[in-house]
Structure formats: structure tokens, C-alpha cells
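Working notes, structure below.
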Amino acid sequence: MSTEMPTRYDASTVESKWYESWEEAGLFKPDPDPAKPRYTITIPPPNITGSLHMGHALCYPLQDWAGRYQRLRGKSVLILPGQDHAGIATQSVVEKLLRKEGTSGAQIGREAFLERTWQWRNESGDTILKQLRALGCGFDWSRSRFTLDEGYAKAVLQVFIDWFDKGLIFRGKRVVNWDPVLRTSVSDIETERKLIKGHLYYIRYPYADGSGSLTIATTRPETMLADVAVAVSPSDARYQGLIGKQIQLPLSDRTIPLIADIYPDPEFGSGAVKITPAHDPNDYMVGQRHSLEMPVILDERARVSLPGSPYDGLDRYEARKRIVADLEEQGFLEKVEDHEIAVVVSERSGEVIEPLLSEQWFADQAKLAPAVIEAVEAGRVQFYPARYQEIFLEWMRNIREWCLSRQLWWGHRIPVYYDESGAAHAALSWEDAQSKAGDQKIVRQDDDVLDTWFSSGLWPFATLGWPEVTADLREFYPTSTLITDRNIINLWVARMMMMGLHFMGKEPFHDVCIYATVLNEKGQRMSKSLGTGVDPMGIIETKGADAMRYTLLSQAGENQDLRYSDRKTDEARNLCNKLWNATRFVLLNVEGSVAKPDVLEDTDRWLLSRLYQTEAAVRNAYDRYHLQDACTALYRFFWSEMCDWYIEVSKSRLADPATRAVPQWVLLTSLEALLKMLHPVMPHITEELYAYLPIEDKAAYLMSAAWPNLPAEYSDPATEARVERTFEIVRALRALRASVDLAAMKSAPIVYVSGDLQGNEETLRTQAWFEQIVLGAPPEGERCVSTTLEGVDLHLPIGDLLDPQKELARLDKESEKLSAELLKIQGQLDNPLFMERAKPELIEKLQANREEVEGKLGKIVERRALFGG
RNA sequence: GGGCGGUUAGCUCAGUGGUAGAGCACUUCGUUCACACCGAAGGGGUCACAGGUUCAAAUCCUGUACCGCCCACCA
């Protein structure tokens, strides 16, 4: 067969054409065949604001890998894509846009803002989906969903109303995490703690009766404007008898009581804590226990809001400065110490969170958690790697209230309507609410929207049509696998489990696969803002999507992180090129399809056996999401075994029309299986190469082909051992040649071999590049360099080419190695405890080794003598 | 403060009791008709550290250090 394949693989021309073909052939849709088991994934919906980063370049190819693998394994596969409206992120993007245009959300109002956001979403909100196509992700776009779709939005409201009616959602006043930049509350898990250098201020609070003062320590003096008490530990001797006294709050005309509470730690500071219930979660609890007032003195931008006060309108940090200065001036400031402060930072804005007392909607997760815990403990949901299970359960067992409301516009507006009396009714519409309210007139809808994670929590069933009982919902729920990253186990996975179990009665997926975080070469997080990121699209353009995919997927296993580096993409690209050229070689050496031959040689059986073992290893690794192990096995089979050995061994047979059929068949068989196994990781190049293969019963597409089904008789460990022994001898002979500066791959006339080659003489001859192998010892007087291994003596005639000193040096080195080995073996065999307790097989093995090493050493002595040593 | 990962060749990582492995990088050689994005041959590791268990430890146990992640209400 002739081929016009160029000698170099060009990803850009090959990759672009296949995606369309697959899509046109309908391969991204589930196979309607009812006999096939279903395999479903609803992908983690990317934000509409997103553009592809390295995390995505791992995440979405993983979803695609799973789909392609399961499809090859005979399943009907649905990988359902979609996008998340991403409340905070999107609103920020549009606000920025408006600012550029000289206006703002506040100026144009809610309705115009939402219109503008939808416009933005329709124009540029699906950048990332196009990029996923470039990565080869074969998702069912006809089922693509968006969390603000009409149907989806209805599902969200339905869930809210249901939980509201069941009392699982309630309104409450709590100290929440307030983001003063985004001006909304955020949940605990959207915040992180950071240690920063700050100060601890010691402030004197005088007693109102003039009988001296006590000292409190605080890191946030500005909040003293909202102090309502000072608390001390009831066991603190310093304050015995003083409890109940009134204190004159500095910089203020208010007096506040000294109270006793379990919260203060006598060891810290002065043991006295100022209590600001509205601006600190701990103080809030103290305030509740003592029924204290809870004045709020910071506004939504964290500015002081205290009309009439000189600090009114100041930013919280500016206020701190002024208050500290004033305290000092008036003699209240006792001292200032350096202090490490644990601040809470919003992950979205990077701003320091202001704990703020406000009225919010909450979900009572504690009532939903037990079903989730039970499902995991019963093994109906499995985590990969398993260690995440405990982390997950730990969080579920200590679950807290979930603050659902966000003070945003972009999102699902909370379906709560208030009537004249102030009573709240949850309903799908104003009209519904009115009918629920009866005589009381509905006067307004709640202004807030729901936390984005509330809507993504319904992803596995709302995408399939819930609350309607659609055919898709019946067919594809529960889904099979969730593949996501560890940062959102609690944020997202937990919520999907709670909602899925509550509304569908079944856990939403069986496997939860947690993949690694992609770091850069130096082990830093990839981040646009830090400039440590690499754009995957650039790699796709220059080296191909398959190279990009292989780079990341071949590192996916149970690891916590993985490192991206450009060098690895070069390796992946080189692998593509090697695949291309190996196939090209095969095609140049076959005329058409070949039938399975009756008689195979050792090397043929060896490769088939290796293929058999490789398939088993790959399948096992894929099933456990250990792509790393699968890729290693495939790489080794392809590059080391098939290319470096089998193709080289077969070249002479392929050149001869009388013998070529067998290696032709073996190569085509191996290549076909290899391409199938590699396809889930590198879909484009494997599809392209498969198209060239002249094989029987070929599928229309590799993508829709069947996973290799290799007969058990391919497995042949005895032949594997025999052939690999031969290769060992080949390597030794090549090394011997190199030691006398005999060029590699140049045919040399003769080598003497004594020992059993087990029928692999021809392999040894061609692979060690000799014209002739003579069995037996060299004739008397023939000057040779020699070595011994595997019970075989190799003698390479050298005439008088060689410097004796060089050969003596080589022999000495060999001898040194052997002596060290002998010493070690002997040491063990001389140890009576070892002889008594070690396994008999091991002892036998060592004894055999000893004999072999001694024999080799003896031969070296003889050989040294030949060179005057 | 609690929990979980990691620490093995220059780099990235395999390796869960029996004489340290792979890929890349490096050195030397090679322009033969699959591939120089290639081939052949080499060099390179006291397996973080300290104890312990064992005939035998990279591997099991205890502790320490460093890196990273998660959770947590110390002003």
C-alpha cells in the first residue's frame, strides 16, 4: 500500500476536520439502543464569564475521556454540557463594563441592568464552549443547559418553595460575611482566612462612677462605636465584684455594662473584651446570651454610618486611624502591640470581609445532611481518591446553616412575596403568592437573589427536565460520575447530594472523581492576576489539542496537584509524531488487510502477549480514574515494545514477500487496539490514523468502535520471558560492540555465542547487527572481547583493533560490580538468622545468583589474562 | 488549633517487606529507505531526617523538619 502521509504530523490540519464529522454523525448524542447500559455525566458548568484556563483544560477533557472510554466499552453515553450564570462574577463583569461607559448599575436600575447582562451573556457568554470544542470535547450540545434558562429557573424556584413550605428555609438575623466591594453577603466557604500583620490596641475604658478604669484589647478599635458591653470571664479574679458596673464608653456619651461570659479568655490581653454584637460573630453570640442591643454602625460599603458622629461617612480603616488618634489624644490609649490578625477575605473580590448583622435567608442543612451521610457510608456514592470521603463526611457531620440570599440582581430572584402584614409567602408568581396570602394584599417581592450554588445544586436533574417528568429524566437520572475539583466538594458536591436525594430520592451520581489542581512548573497556582498562567489555546494552536490533553491527562491519578510545563507538551507532541510515523511505517509495509496467520514466531507472540497485558492494565487503570498508569502502560507498549523492538525485529521479514504476512497482521492488530485504547485521551490523531488502517470489520468511526476484545490465548508469559531474555542478550552484545568502538547499526561480520538461545538466534543476529552468529566458542587464538549473561557467553572478535588497557579497564569495572554483588549475597547467606527465617525460594534464588556471579568472576579472570592482566 | 496529602536521579513522577525504576534533561556516537518531534550506548540516587519493628525497610510503626491543601469563633 502506498501512502501520501507526510513525514511529520500536523495537528492543525488533522484535528479541525474530525470534530465536525463526529458531530454530524450524531456521535455526541446517546445511542438510543435500549440494550446498551447508560453512562451519563452532567459536566461541571463553567461560568459564562470564563475563558479557558489550565484547570478547564484538565477538567473538560476528563469528562470527555470518560465519555469516550465508556462509549468504546459499549455504553450509551450522554455528556450533558451547560453553563452557570455565576451571579457575583457576571455582575462584576457587567458593572465594570458599565463603568467604562460612564454609568453604573445603580444608575440604570435593576431592569436595565438585567437586560444589559443578558445581552452580554448572549454576545460573549459562550467563549468557553467554543474552546471546549477545540479541545475535542464531544458533548451533547443539543441538550446544553444554562442555569438561568426558563425551565431551569422554574426548577430553582420550585425547590425553594418546596423547602420553604417544609420549613427547611427560613429568614433570620445573623452576622454574615459581608463583602464591602461586591456589597453582598457571601457564604463561609467562599471566604478564606489569611494571617496579616496588624496591631492589638489596649484601650482604657473608665468606669462611669469615676472609680478608675479597665483595659480592653482589640484589633478593631473602630467597632467600639457599636460596643454594647465589656465582657470578662466569670472566673477572672481581677474583675470579681465589678460585674454589673457601668462603663463610660470613650469617644461616646453612652455607658455600657461590664458583664461576665464564658467567651473571654483570661489569658489573652487584659482578659476583658469589648462586645460589638453587630460586627463580630463571637460578640453576636455573647449579645444573644445577654439580650444586648445590636447597633449596626457600618454600611454596605463598610463606611461608618452614625449620623451626627464625627466619624460618620469614614471608611472603616480611615475611621480606625482617626479613632486611635483621638483615643491617644484623650489619654485612653494604653499601648499598641504588633499582632498577627486572622482576617477573613472574600474569594471573589479579595476584600477583607466585614462581619455584619443583617437579615438573610438560610437553609437548614442539618436536616438534609443525614441522608447524604447515609448514602456515602452505605457506599452508594464513592469518592476517588477515597481519602476525600472522610473530608466530605467530616464537613457534612458538622454542617451549618447555609446563607442563601445575595444582594445582587443577576440570579434567581428569591420567590418570596410579602403581604401587608409582613408575612412571607413563597410562590412561583405574584399571582400564586396572592392566592396563598388570601385576604392580605401582596405588596412586594424580596429583592435578593439566590446564591449561585443553590441553582447549581440541582444540576444533575434540572438539566434533564425536572420538575417535569421527562423521558430524559427517567432515562439518565441518576447520572454515573461526577468529575470535579476539590475546592467545590462542599460548595457543590454536597449541595447536589442534598438536593438530589431530597427531590429525586436517589443520589445524583455513583462516582465522585476529584482531580488535581494544575500548578505551573514552579509549583505555583496558575493565576491570571499573578501572571503565572499559560493559555491552553496557544498550546492547542501550536502543538494540538491531543498534545494538550495528553500533557494533563497523563498526569491524572490520585495526586493532589500536578505540574504543567511546556516541556511536557513537547513530549506529548513528540508522541503524536511517533504515532503518526509508526502508522505510516505500517501502511508503507502492508498491501491491504491480512487474515490471522496460523503460525506465529516468538516475537509475534511476545508482542501480542504484551498487548494483552497492556489492555488489561489500561482497562484497570481507566476504571479507577488512574489515567496516569494507563498512559504509562500505553506509552511503554507503543514506544518501547512496538516501535523500538517489534518493528525493528520485523523489518527483515516485512521486506520478504514470503514472510511479511505475519508481521503485517501483528502490526495491524496491535495498532488497531492501541488506537482504541488511546482514543479517550487523544481522540483526533487516533481517529485520523484509524481511518487509514486496512482492517476488516472497521467501524465507521474509531469513536464509535468497540474496545479491543483480545483472546486469552494472546497471553503467553513463557514466550514473553524468552523473548525478553533475548533482548537482554542483544543489549549486552550492543554494549560489547560499543566498548570496542564498533559503530551501532553497522553490520559486523561475526560473533561467537555459546549457550542456549532458545530459538531466537535470528533475532539476536539482526538486532545486534551481525552478519553471522557462530554457535560455540571462538577458535583458538582468535582475540575477542567477551561477556556472560543469562547463561550465555558472547565473544566478539576484535583482531588487534583494541587497546588492551581499555579492555582491562572494562573488565575491572565489570568485576568490581560483580564482587560487590557477591559480597552482598554472601553476607546474607552467611547469616544464620536469614537462613533460618527467610523464605526458601529466596534462599534458593540467592544461592543460584551466587553461583552465577562466581562463574562470571571466574571468566573475567581468564579474560583479563588474555589481555595481559 | 484539628485533619489530609507530599518529600525517591538535574526535572516530573512510578514503586505498600526481599540486590533502587520510567519519561524528559545530560554525555558519547549515529545524516541506513517510519520518525532527528529519531535511534544506539552511557553517566547519575546514603529513597527529607531521627529512632523502632524485622533475618531483611523507599516500603511497616513512632517522632521531627520542610512544602502544600482543607477545616476551625481567640478579641
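The figures that follow rest on heavy atoms only: side chains count, while hydrogens, waters and symmetry mates do not. Please read these numbers as outputs of a predicted model, since none were measured by experiment. Order of the sequence lines sets the chain letters (A, B, ...), proteins ahead of strands, with each chain counted from 1.
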- Query: What nucleotide, of B/rG18, B/rC69, B/rA40, holds the atom closest to the side chain of A/Met745?
  - Reply: B/rA40
- Any side-chain heavy-atom pair of A/Leu674 and A/Leu671 under 4.5 Å: yes
- Determine: side-chain N/O of A/Lys522 to OP1/OP2 of B/rG68, distance under 4.0 Å, yes or no. no
- Item | Residue from A/Tyr622, A/Tyr515, A/Tyr625 passing ring pair (Phe, Tyr, Trp, His ring centres under 6.0 Å) with A/Tyr384 | A/Tyr625
- Query: Of all the nucleotides listed (B/rA41, B/rC24, B/rA40), which has the minimum atom distance to the side chain of A/Trp769?
  - Reply: B/rA40
- Task: Using a heavy-atom cut-off of under 4.0 Å over every strand shown, decide if A/Arg8 touches base, sugar-phosphate, or nothing.
- Result: base
- Item | Gap in Å between the two C1' atoms, one belonging to B/rU8 and one to B/rA20, rounded | 9 Å
- Item | Watson-Crick or G-U wobble mate for B/rA58, both contacts under 3.5 Å | none
- Note on the structure: Per atom distances to the A/Glu648 side chain, the nearest of B/rC24, B/rC35, B/rC4 is B/rC35
- Query: Looking at B/rC37, B/rC24, B/rC69, which one has an atom nearest to any side-chain atom of A/Asn574?
  - Reply: B/rC37
- Query: Looking for any heavy atom pair under 4.0 Å, which part of the strands does A/Asp265 touch: base, sugar-phosphate only, or nothing?
  - Reply: base
- Query: If pairing requires Watson-Crick or G-U wobble contacts with both distances under 3.5 Å, which nucleotide is the partner of B/rG44?
  - Reply: none
- Task: Return yes if a side-chain donor-acceptor contact under 3.5 Å exists between A/Tyr263 and A/Asp265, otherwise no.
- Result: no
- Query: With sugar-phosphate meaning primed atoms plus P, OP1 and OP2, does A/Lys651 contact a base, only sugar-phosphate, or nothing at under 4.0 Å between heavy atoms?
  - Reply: base
- Note on the structure: Atom CZ of A/Arg567 and atom P of B/rC26 are separated, to the nearest Å, by 9 Å
- Query: What integer distance in Å separates A/Leu833:CG from B/rU54:C1'?
  - Reply: 10 Å
- Item | Salt-bridge present (A/Glu841, A/Lys845; N to O < 4.0 Å) | no
- Is a side-chain donor or acceptor of A/Ser670 paired with a backbone partner of A/Val666 at a separation under 3.5 angstrom? yes
- Are any side-chain N or O atoms of A/Glu771 and backbone N or O atoms of A/Ser747, one a donor and one an acceptor, separated by less than 3.5 Å? no
- Taking NZ, NE, NH1 and NH2 as the nitrogens, is one of them in A/Lys568 or A/Glu571 under 4.0 Å from a carboxylate oxygen of the other? no
- Query: Aromatic rings A/Trp580 and A/Tyr692: how do their planes relate, parallel, tilted or perpendicular, breaks at 30° and 60°?
  - Reply: perpendicular
- Query: Is there a donor on the side chain of A/Arg387 or the base of B/rC4 sitting less than 3.5 Å from an acceptor on the other?
  - Reply: no
- Hey, which of these two, A/Leu842 or A/Trp639, hits RNA chain B nearer its 5' end, going by closest nucleotide? A/Leu842
- Message: Could you tell me if A/Lys543 and A/Thr569 have a donor-acceptor pair between their side chains, going purely by distance under 3.5 Å?
- Response: yes
- Proximal nucleotide (of B/rC13, B/rC73, B/rU19) relative to the A/Arg563 side chain: B/rC13
- Note on the structure: Nearest-nucleotide check on RNA chain B, A/Gln628 vs A/Arg734; residue mapping nearer the 5' end is A/Gln628
- Task: Using both distances under 3.5 Å as the test, list the Watson-Crick or G-U wobble partner of B/rU7, or none.
- Result: B/rA65
- Item | Test item: A/Asp283 and A/Thr223 side chains (from C-beta on) under 4.5 Å apart, heavy atoms | no
- Task: Answer with base, sugar-phosphate or nothing: what part of the nucleic acid does A/Arg486 contact at a heavy-atom distance below 4.0 Å?
- Result: sugar-phosphate
- Note on the structure: Per the under-4.0 Å heavy-atom filter, residues of residues 547-556 of chain A near RNA chain B come out as A/Gln555
- Query: With sugar-phosphate meaning primed atoms plus P, OP1 and OP2, does A/Tyr9 contact a base, only sugar-phosphate, or nothing at under 4.0 Å between heavy atoms?
  - Reply: nothing
- Message: Quick check: do A/Arg660 and A/Pro657 have side-chain heavy atoms less than 4.5 Å from each other?
- Response: yes
- For A/Trp580, which contact category applies under a 4.0 Å heavy-atom criterion: base, sugar-phosphate, or nothing? nothing
- Side-chain contact check for A/Asp644: nearest option of B/rC4, B/rA40, B/rC37 is B/rA40
- Can you check the A/Asn520 CG to B/rG68 P distance for me, whole Å? 13 Å
- Query: How long is the line joining CG of A/Leu588 and P of B/rC35, in whole Å?
  - Reply: 9 Å
- Is there a Watson-Crick or G-U wobble partner for B/rA20 with both distances under 3.5 Å, and if so, which one is it? none
- Message: With a 4.0 Å limit, can you tell me whether A/Arg400 has a side-chain N or O closer than that to the phosphate oxygens OP1/OP2 of B/rA72?
- Response: yes
- Query: How far, in whole Å, is B/rG45 from B/rC29 if one measures between their P atoms?
  - Reply: 23 Å
- Query: Reckon A/Pro385 touches a base, only the sugar-phosphate, or nothing at all at heavy-atom distances under 4.0 Å?
  - Reply: nothing
- Checking B/rU12, B/rC35, B/rG5 against the side chain of A/Thr7 (C-beta onward), the nearest is B/rC35
- Query: Name the one of A/Leu675, A/Leu587, A/Leu678 that satisfies side chain to side chain contact (heavy atoms under 4.5 Å, CB included) with A/Leu689?
  - Reply: A/Leu675
- Task: Look at A/Lys578 and B/rG39 and indicate whether a side-chain polar atom (N or O) is within less than 4.0 Å of OP1 or OP2.
- Result: yes
- Rounded off to whole Å, could you give me the CG-to-C1' distance for the A/Asn490 and B/rC69 pair? 13 Å
- Item | Integer-rounded Å distance: B/rA36 C1' and A/Phe585 CZ | 18 Å
- Item | Nucleotide B/rA14, atom C1' - distance to CZ of A/Arg624 in whole Å | 13 Å
- Item | C1' spacing across the pair B/rG44 / B/rU28, given as an integer number of angstrom | 15 Å
- Message: Between B/rC24 and B/rG63, how many Å separate the two C1' atoms, rounded to a whole number?
- Response: 37 Å
- Task: Check every strand shown and say whether A/Arg397 touches a base, only sugar-phosphate, or nothing at a heavy-atom separation below 4.0 Å.
- Result: nothing
- Item | Touch class at under 4.0 angstrom, heavy-atom based, for A/Ala342 against every strand present | sugar-phosphate
- What integer number of Å spans the C1' atoms of B/rU32 and B/rA36? 14 Å
- Query: Quick one: which of B/rC73, B/rC24, B/rC37 gets closest to the side chain of A/Glu571?
  - Reply: B/rC24
- Query: How far does the C1' atom of B/rA58 sit from the matching atom of B/rC49, given to the nearest Å?
  - Reply: 14 Å
- May I ask you to verify if any side-chain N or O of A/Asn559 is less than 4.0 angstrom from the OP1 or OP2 atom of B/rG6? no
- Item | Among B/rG18, B/rA20, B/rU12, the nucleotide that comes nearest once only the side chain of A/Lys824 is considered | B/rA20
- Query: Checking all strands, does A/Cys576 fall into the base, sugar-phosphate, or nothing category for heavy-atom contacts under 4.0 angstrom?
  - Reply: nothing
- Query: When we call it a touch if two heavy atoms are under 4.0 Å apart, what does A/Ala582 touch: a base, just sugar-phosphate, or nothing?
  - Reply: base
- Query: Counting any heavy atom closer than 4.0 Å, what does A/Asp283 reach on the DNA or RNA strands: base, sugar-phosphate only, or nothing?
  - Reply: nothing
- Message: Between C1' on B/rU31 and NZ on A/Lys746, what's the gap in Å once rounded to a whole number?
- Response: 11 Å
- Message: When the C1' atoms of B/rA72 and B/rG21 are compared, how many Å lie between them, rounded to an integer?
- Response: 42 Å
- Between B/rA40 and B/rA22, how far is it from one P atom to the other, in whole Å? 14 Å
